[in-house]
Every structure is written in structure tokens, then in C-alpha cells.
Amino acid sequence: AGAVPAAQRGSWTSFVKSIASFSGDLSSMTAPPFILSPISLTEFPAYWLERPELFAAIADGVDAEDRALRVLKWFISTLKGQYTSRNEKLGSEKKPLNPVLGELFYGTWPDKNGRGETKLLVEQVSHHPPITAYHITNTSKHLTLQGHNAQKTSFATGSIFVKQIGHAILTYQPPGKEAEKYLITLPKLRIDGIWYGAPYVELTDNGYIQSSTGYLASIEYKGKGYFSGKAHSIKAIFGPSNDATNPTVTVEGQWDTITKVTAANGAKHAKSGSVFTDVTSPKEEVTVAPLDQQGEWETRKLWEKVAAGIRGGDFEAASKDKTRIENEQRQRRRDEAAAGTPWQLKHFLHVDNDADYAALAGMFTGTGVIPTEDCYVFKSAAGSS
Ligand code: 0T9
């Protein structure tokens with residue numbers, strides 16, 4: 001196996017074997033050093049905003065159909081960052097740091113060219129199973145994205161299959177107008193290249209973006225050897241959700257480079273043959289406060305020594321501080337149990353079923369059964385959701 005350092009081959013083989021005989025929470029498994037990433041999963045929601053101008057541009061849509069297409073455009077443009085950036089930055093997909101309960105990540109993208117400032121807030125709302133909640137706002141454009149993420153993993157034929165649990169809801173609410181909402185469901189992942197120690201993500205199956213204004217984008221994800229024969233292929237059909245057989249716009253191509261439009265006669269806001277998304281230009285990483293201004297629960301401060309150890313090749317130091325963090329967490333849980341005072345989430349509220357989710361999901365599943373899902377909703381400064 002080319003990518004695995006000679007000294008770690010044995011431990012990689014046993015790691016892969018243990019993945020194969022196990023399904024559930026991969027995040028808690030011990031992996032060999034070469035595959036460890038210094039980045040915590042609480043940082044991942046930042047991928048949503050790495051093209052801030054496309055997010056802001058949703059608010060500039062001239063009508064509901066135009067805005068729904070802009071939501072699809074922004075969404076597809078986030079996929080490259082979400083699913084290929086560890087390969088680009090770290091050489092392969094790597095095992096992220098497993099966030100502790102209450103871990104926080106804050107960031108911003110500055111106002112530029114009138115796009116407005118965007119703020120990101122992330123909280124690890126569960127440790128077992130790991131669940132990450134986030135809230136992203138561009139106040140001047142009246143846009144909010146809120147969601148949560150968890151994963152269910154299984155192993156078959158040499159690949160890891162990841163079902164994403166959770167969803168995102170985008171809200172556009174200009175003052176004095178009724179809120180427009182979009183439910184975004186998340187793709188499934190297949191992680192290939194594991195035997196070689198060079199894992200990478202391919203997306204599979206379907207995803208949906210359902211708007212409260214009645215538009216649905218049905219998205220199909222395929223890898224090499226399927227409809228276009230190319231890796232990272234995507235096909236999205238878009239139109240009124242009550243008329244799925246007559247899409248007004250079809251978008252096809254590669255989510256990590258370019259997608260193009262095929263528009264039906266009735267399409268008002270898209271032209272056949274035009275480029276829909278192009279993510280070949282650089283993206284814009286989130287701005288985070290310097291370490292000396294971060295609180296002890298903030299991701300980069302909390303994992304400072306572990307990350308430095310991983311980056312600098314001092315895995316003993318990394319592992320020592322990781323053990324310290326984990327022991328502190330265990331002690332904290334014991335103390336909470338003894339005192340009968342469970343951990344309080346700082347920014348989110350757990351709800352058994354979010355009404356927005358149920359209403360929007362009910363619009364496209366068409367089964368008459370309204371799905372339920374555990375949700376985390378943002379607590380505003382006033383303390384309500
Ligand atoms: C939400 C994203 C998610 C998180 C990651 C599966 C994965 C953890 C979750 C789904 C983001 O919006 C998008 C991208 C990548 C996903 C990760 C890829 C990955 O491999 C990890 C899992 C937990 C592992 O670390 C498995 C071990 C790894 C070393 C491969 C052998």
C-alpha cells in the first residue's frame with residue numbers, strides 16, 4: 001500500500017480490519033498517526049460559506065423561482081470544499097478530531113463588494129453519538145442557514161458507506177415579508193481508497209432542496225463509471241414540486257469543476273448551454289479569532305496541543321493531550337451525573353421534531369407520512385427559538 005508509511009502498515013491493516021468488523025461510530029476508533037487530521041468536525045460547517053458572494057446572491061433573486069435556483073447554485077458550489085478539501089490540503093481524506101460535548105467554533109466572512117458580513121456559530125451538541133449543530137447568518141441579506149450533522153457508517157466491499165443524518169434549513173426573511181424556507185438534505189458518501197491508505201470521498205444517491213414556495217431540486221450523485229463516466233458527477237432537476245415530470249431546468253456536470261444548464265421553454269432564469277456552477281476559482285476560508293483571544297471551549301484553543309503534535313509529527317504529545325481532554329470529559333460527565341445537573345447547551349435547543357422540517361419534508365416525500373427527525377434549533381439572544 002503506497003500511501004501508508006512502512007512503519008504504520010501493520011497498524012493500518014488492523015485499523016481497516018476493525019472498521020470492517022464494526023459499524024457505528026468510527027470517530028471513537030484509534031487510527032494510525034499518518035491518517036489523523038488536526039481539524040475538528042466542528043470546523044466543517046464553515047464549508048457552507050466558502051463562496052460568500054454566492055450565498056449573499058440568493059437575496060438578489062428577482063422572484064421565488066430565481067431565488068430557488070440561486071440556492072441550488074450556491075449549494076452545488078459548496079460540494080467541492082465539503083468533500084474534497086482534505087485531499088487537497090492534507091493529501092487524502094483524514095480522520096477528523098472527534099469534538100467534545102460543548103465544543104464551539106466561531107467565524108466570520110467580512111463584508112466585501114456589498115455582500116454583507118456573514119457569521120458562523122457551531123456547537124457540538126452531542127458526543128455520543130457525535131452531533132454538530134450550526135447557525136450561519138448574513139443579517140444584511142436576511143439569510144440564515146441552520147442545521148445539524150451526524151453520520152451513520154457501515155463497511156462493505158472495501159469502502160466505508162456514510163449516511164448523513166441531519167439536514168439544513170435556509171431561511172430568507174426580508175423585513176415585513178413572510179419567511180421563505182428551503183430544506184436541504186445531505187448526500188450519502190462512499191469512502192474509497194481505504195486499502196491503499198489514501199481515502200477519498202465520492203457522493204452517491206440523492207438529495208433534495210425543497211422550498212416553501214413550491215420549488216424542488218432533486219439531485220442525483222454518481223461516481224466514475226455511472227452516467228457520465230466521470231468522478232464527482234451530479235445531475236439536478238429543478239421545477240415546481242407538484243410537477244416533477246416537467247422540470248424547467250436540468251443541471252449536469254461535475255460538482256468539483258463545472259456544471260451546465262439545460263432549460264425547458266418555460267424557464268425564466270436559466271439558459272441552455274450556460275455554465276451553472278464553476279468552482280475552479282479559489283474559495284475563501286473563514287476568519288477565526290487568534291488563539292490568545294479564544295475561550296477554552298473553542299475548537300482551536302481546546303485542541304491546540306493535539307493539532308500541533310499532529311502537524312509537527314510529535315504524535316506522543318498529541319496523544320497525551322488527547323487523553324487529557326478525554327479524561328476531563330469523563331470526569332465532567334461523572335460529576336454532572338452525581339450532582340444531577342446535566343450539561344447545558346449554549347446556543348441550541350433540542351426538539352423532537354422541528355415543524356419547519358416536517359412541513360418541508362412532507363412537501364416532496366409524497367408518501368403522506370410526515371417524517372420526523374431529532375433537531376437542534378437555535379436559541380436567539382432573547383432565549384427563545
Ligand atoms: C459534514 C463531511 C462530513 C461532515 C464528514 C465521514 C467523515 C466524518 C464526517 C460528512 C460535512 O458537511 C461534510 C465531509 C467528510 C466526512 C468525513 C470523511 C471521513 O472519512 C470521516 C470518517 C468519520 C472517518 O474519519 C473515517 C476514517 C478515515 C480515516 C477513512 C479511513
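We count ligands from 1, going down the list as the structure has it; atoms in each ligand are counted the same way. Nothing here was measured: the structure is a model prediction, and the numbers come from that model. Note: hydrogens, waters and symmetry copies are ignored here, and every other heavy atom, side chains too, is used.
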Review point. Side chain of Thr132, backbone of Thr42: donor and acceptor closer than 3.5 Å?
Key: no
Review point. For His142, which residues count as a ring-ring contact (aromatic ring centres under 6.0 Å, His included) partner, sequence neighbours excluded?
Key: none
Practice item. Write down, by chain and number, every protein residue that brings a non-hydrogen atom to less than 4.0 Å from an atom of ligand 1. Key: Trp12, Leu26, Ile35, Leu41, Phe44, Gln82, Tyr83, Arg86, Glu93, Lys95, Pro96, Asn149, Gln151, Ile160, Val162, Gln164, Leu189, Ile191, Pro199
Point to revise | Tyr106-His347 aromatic ring centre distance below 6.0 Å | key: yes
Review point. Between Gln329 and Arg332, does any side-chain donor sit less than 3.5 Å from a side-chain acceptor?
Key: no
Check your understanding: Does any non-hydrogen side-chain atom of His269 lie less than 4.5 Å from one of Asp63?
Key -> yes
Point to revise | Cation-pi check, Arg333 onto Trp343 ring (under 6.0 Å, within 45° of axis) | key: yes
